[in-house]
Amino acid sequence: AQASLVPAINALRSRPEARKTDLFVATVPTARTVMGDKVDVTSLMLGLGLLGVIALLKIFKPQGQINPSIQKQCEKCVNTIVVSDVEDLKRPDGKVVMCRCWRSKKFPYCDGAHAEHNKLTGDNVGPLIIKASK
């Protein structure tokens, strides 16, 4: 492919009005000169565009399910706690902190796992705090 450029470059050099930019443009390889005449530029650009979209989707992958691992056998996960049964409400601080991010190792109680989740996702989820009435 480069051999076919030699006569064109020599013809440009022989012209007195030839500019350096003309010579530079004539020597820059194109997709056709590098890969041959069988290259379909539209297909090449479409392929590169699709690769770019796939890369962006992998980088900015949306979060899937909120609950990654807790009680996955349930169709709808519901936890019921009767307030009079919660021993923590009888303590001096009188509160219970419940998980709402589904990432707590002590689920249904909060262990602070939402802080890391919020940092990674930009979310703002926090716990449910139940306090005893005074």
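Hydrophobic cluster of V125: no remaining members, since no ILVMFWY side chain lies below 4.5 Å from it. Other residues sharing a hydrophobic cluster with I129 under the 4.5 Å side-chain heavy-atom criterion for ILVMFWY residues are V97.
Judged by distance alone, with hydrogens and angles left aside, the side-chain atoms of R103 form no donor-acceptor pair with the main-chain N or O of H114 at under 3.5 Å.
Rounding to the nearest 0.5 Å gives a distance of 11.0 Å between CG of L56 and CG of L51.
Taking every heavy atom of both residues into account, C101 and A113 meet most closely at SG-C, 4.2 Å.
Under the rule for a side-chain hydrogen bond (donor to acceptor under 3.5 Å, both in side chains), the partners of D123 that lie at least two apart in sequence or sit in another chain are H117. Shown here are the salt bridge (Lys or Arg N to Asp or Glu O under 4.0 Å) partners of K119, two or more places apart in sequence or in another chain: E116. In this view, M98 and I81, V96, P108, Y109, L128, I130 satisfy the side chain to side chain contact (heavy atoms under 4.5 Å, CB included) rule, not counting sequence neighbours.
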